[in-house]
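Structure, as structure tokens:
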Protein chains: 2
Amino acid sequence: KCPQIEHIYAAYHGVEGILAKTLFELGLENKQETAKLKSTPGAALGSCRYKLHADTDADFAKVLAVFQKYNIRYFLYNGGNDSMDTCSRLAAFFKQVDYECYVIGVPKTIDNDLVETDHCPGYASSARFISTMISEVACDANSYTSEQIIVFEIMGRNAGWLAASSSLARLTGFGPDLIYLPEVVFDIEKFIEEVQALRKQKRLIIIAVAESLHLADGRFITDLSGEDEEDDVFGHKQQGGAGHILAEILKKRLNTKVRGIEFSLLQRAANHLASEVDLCEAYQVGREAVLQAVNGVSGKMVTIKRKEADTYETTYGLVDLDEVANAEKLVPREWINEAGNDVTADFINYCLPLISNIDHAKAPLELKLTSNGLPDFAKLERNLL
Amino acid sequence: KCPQIEHIYAAYHGVEGILAKTLFELGLENKQETAKLKSTPGAALGSCRYKLHADTDADFAKVLAVFQKYNIRYFLYNGGNDSMDTCSRLAAFFKQVDYECYVIGVPKTIDNDLVETDHCPGYASSARFISTMISEVACDANSYTSEQIIVFEIMGRNAGWLAASSSLARLTGFGPDLIYLPEVVFDIEKFIEEVQALRKQKRLIIIAVAESLHLADGRFITDLSGEDEEDDVFGHKQQGGAGHILAEILKKRLNTKVRGIEFSLLQRAANHLASEVDLCEAYQVGREAVLQAVNGVSGKMVTIKRKEADTYETTYGLVDLDEVANAEKLVPREWINEAGNDVTADFINYCLPLISNIDHAKAPLELKLTSNGLPDFAKLERNLL
């Protein structure tokens, strides 16, 4: 509790909520419900995809009016690159118009692609869902005697962090045989050869692919259409994503049973498999942001720093919002094997501690509550100001 | 422990394993690993889809030879309708050739479509995964301000038990708005009208559909192709299942954002969300089968009976394998609402206790073990006899 803070307002649907003047007071919500926020998927305060208009001052003036009206002096905003951009521009604007408001960005993106932080809250929980689910499906599929190929499609635009996390499934004995990330140019013929080679050794082949794989000519797998040479392979433009398209290619070229599975929104929402490390760190980066803001820091994003130690330990740091906004951290090429179809041990060493269980006694958070075996989500009143 | 039983043999890949003479002794496996069988998805002993040849005696003679060789006098076989058919025919064969072997079927199918049993082990865990996952995705999607329609495709051939279980998600506050089961003929125009009506009230619409919906003329949704009147709607034959096809139809007819999500193999394999009731009952029906077999019962399947009580309680019974083999229990029409787009409270009352948490002290099983935050599957040696 900070004496400087009298009210905690939430903007309903992020910066859109500020512009629309739809704010509510978190402090007035039922404490039992706000305690459940940590086990409620998605932004319980509402999310948005709005980009502040740069060409007019209208958006900025509206934000200023709302902040002045409610005497808002600390502004914390969480999200990925786009949100850090919003945050960075608001910080610059407040400085320019000489309005005293301390702005801190809080990292949160399952894509794990913010620069200058070891990793981003959100990522570990999605990684745990992806690796657990792949291991369970592979274990189940392994019970049959017939040949099977399964292609899992995993989120991530330019960065393959989530697809790479599929490698952790191997620790259960049932992981992917091939992993393709968007950091490496994808070659369909080489892909078919790699799968073909595996068929000589294994009955069940598990493949993990990022949704955004692209070819040497720059086209995404999902861009492949009936208009070009691939026509014969596909027959027609596929509606599915990269996973289904690659499954279809394998089916036709190898004449065998291939199934495409898309994790879709599940990988983002599956809070029931949230990583404990992730829940703790998501809380801690928010706490750190509050402490820094009341100490007069502004225009920075909180970062997570990993200590050089035998066990996993972290501290928190700060980076200029300008450096983070619109930049993108990709999986380093040296964490991908030379053939471009797998990750290296360095990636596993990086990722595994993020999904591991931690000592409950040390965890500042209770784990999620359940009743009837179902999730117990926070139900906020959201009485607008 | 039964004194009559000296060895416990497992047929590797079911009846296929008997024919191929690939058996191994479960008693020789590491006890720590066999303890993990309850939290290992899929048939850890291997599964099969083999149907015994009826026209020749060769298959049956092979089974007999193996049983005689190892002095196998009790035969327990678990699965759905097809497995009960195999079981029923083997029981009849042993009787015919006067080989003393007690045959008991053990129900296990996520489809929940075996007759004469209140429900089938396997169903509750899939129901818990489906309802939890839908509630989490809906809660997450609810954070945006734009209109969204999400169509979830759920397994189940002729029976809609799994699709119906999506209704439990509503108890979290984030459930489906419309549920379509294969027990009711599907009408595309009526479907579009029902979604259109909801759009006037809601920003986010969640729809659950069974993979096997069929039209009045008998065609499955997945049979719709570019050759007929639906050509204009689809453009061409879809590769996806019913969920993606219906999402595509809505997208084109309503001109809005629609996403199809297929649970695919996840709903069958997601042991991490296994229902405690389900784990207990799966163990208990197996135990009951052993007790009945050593008591000289044969040609029967174990059934689960629900007591008429305020709290959920069950006992176990028996039914002739002949009555179960190849029969199919559908969701009763009176548990589906009149409009055919939802289930009734009677279904919820039936399904909810199956996924609820039970008193840990009463549970005869430990819950699954984890290390590193990942599942810890049983690793059997499988030293073949």
Side-chain angles (χ1 to χ4, degrees), chain A residues 13 16 40-49 128 131-133 135-146 150 168-169 171-174 236-240 244 248 259 261-262 264-266 268-273 275-277 352 355-357 370-377 379, chain B residues 13 16 40-49 128 131-133 135-146 150 168-169 171-174 236-240 244 248 259 261-262 264-266 268-273 275-277 352 355-357 370-377 379:
Chain A
H13 299 293
E16 256 189 64
T40 301
L45 312 181
S47 189
C48 73
R49 297 227 183 268
R128 187 172 179 211
S131 49
T132 298
M133 212 60 260
S135 69
E136 289 180 326
V137 168
C139 180
D140 178 77
N142 191 50
S143 66
Y144 290 99
T145 50
S146 56
I150 303 177
L168 301 184
L171 298 170
T172 68
F174 297 93
H236 50 257
K237 184 162 170 52
Q238 298 287 322
Q239 292 301 308
H244 282 103
E248 201 62 22
R259 193 190 277 264
I261 297 182
E262 194 185 342
S264 190
L265 300 179
L266 313 186
R268 184 169 95 185
N271 197 280
H272 70 271
L273 264 175
S275 143
E276 287 182 43
V277 168
L352 185 59
I355 70 157
S356 298
N357 287 327
T370 61
S371 61
N372 288 326
L374 289 164
D376 191 10
F377 302 139
K379 280 162 197 71
Chain B
H13 298 296
E16 256 188 66
T40 301
L45 311 181
S47 187
C48 74
R49 296 224 183 272
R128 187 172 179 213
S131 49
T132 298
M133 213 57 262
S135 69
E136 290 180 326
V137 168
C139 180
D140 178 77
N142 191 49
S143 67
Y144 290 99
T145 50
S146 56
I150 303 177
L168 301 183
L171 298 171
T172 69
F174 297 93
H236 50 256
K237 184 161 170 54
Q238 298 287 322
Q239 293 300 307
H244 282 104
E248 202 61 24
R259 192 189 279 263
I261 297 182
E262 195 185 341
S264 190
L265 300 179
L266 313 186
R268 186 169 93 185
N271 198 280
H272 71 271
L273 264 176
S275 144
E276 288 183 41
V277 168
L352 185 59
I355 69 157
S356 298
N357 287 328
T370 61
S371 62
N372 288 328
L374 288 165
D376 191 9
F377 302 140
K379 279 161 199 70

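Chain letters run A, B, ... following the sequence lines, proteins first and then strands; every chain starts at 1.
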Seminar exercise, completed: Among A269(B), A169(B), G42(B), the residue with the most heavy-atom pairs under 4.5 Å to chain A is A269(B)
Exercise. Taking every heavy-atom pair that is under 4.5 Å apart, which of S264(B), S275(B), C139(B), C48(B) has the most such pairs with chain A?
Worked result: C139(B)
What is the minimum heavy-atom distance between [X] and [Y], and which atoms define it?
| X | Y | result |
| --- | --- | --- |
| A43(A) | S143(B) | O-CB, 3.2 Å |
| L273(B) | H272(A) | CD1-NE2, 3.3 Å |
| P41(A) | E136(B) | CG-O, 3.6 Å |
| Y144(A) | R268(B) | CE1-NH2, 3.5 Å |

Problem set entry | By side chain to side chain donor-acceptor pair (under 3.5 Å) - contacts of T145(A) (at least two apart) | E16(B)
Exercise. Tell me, side chain or backbone of I150(A) under 4.5 Å from chain B's heavy atoms, or both, or neither?
Worked result: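 Interface part for I150(A): side chain.
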Problem set entry | D140(A) side, atom CG; L265(B) side, atom CG - distance, nearest 0.5 Å | 6.5 Å
Problem set entry | Non-neighbouring partners of R259(A) that pass salt bridge (charged side-chain N to carboxylate O under 4.0 Å, His left out), sequence neighbours left out |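 Residues passing salt bridge (charged side-chain N to carboxylate O under 4.0 Å, His left out) with R259(A): none at all.
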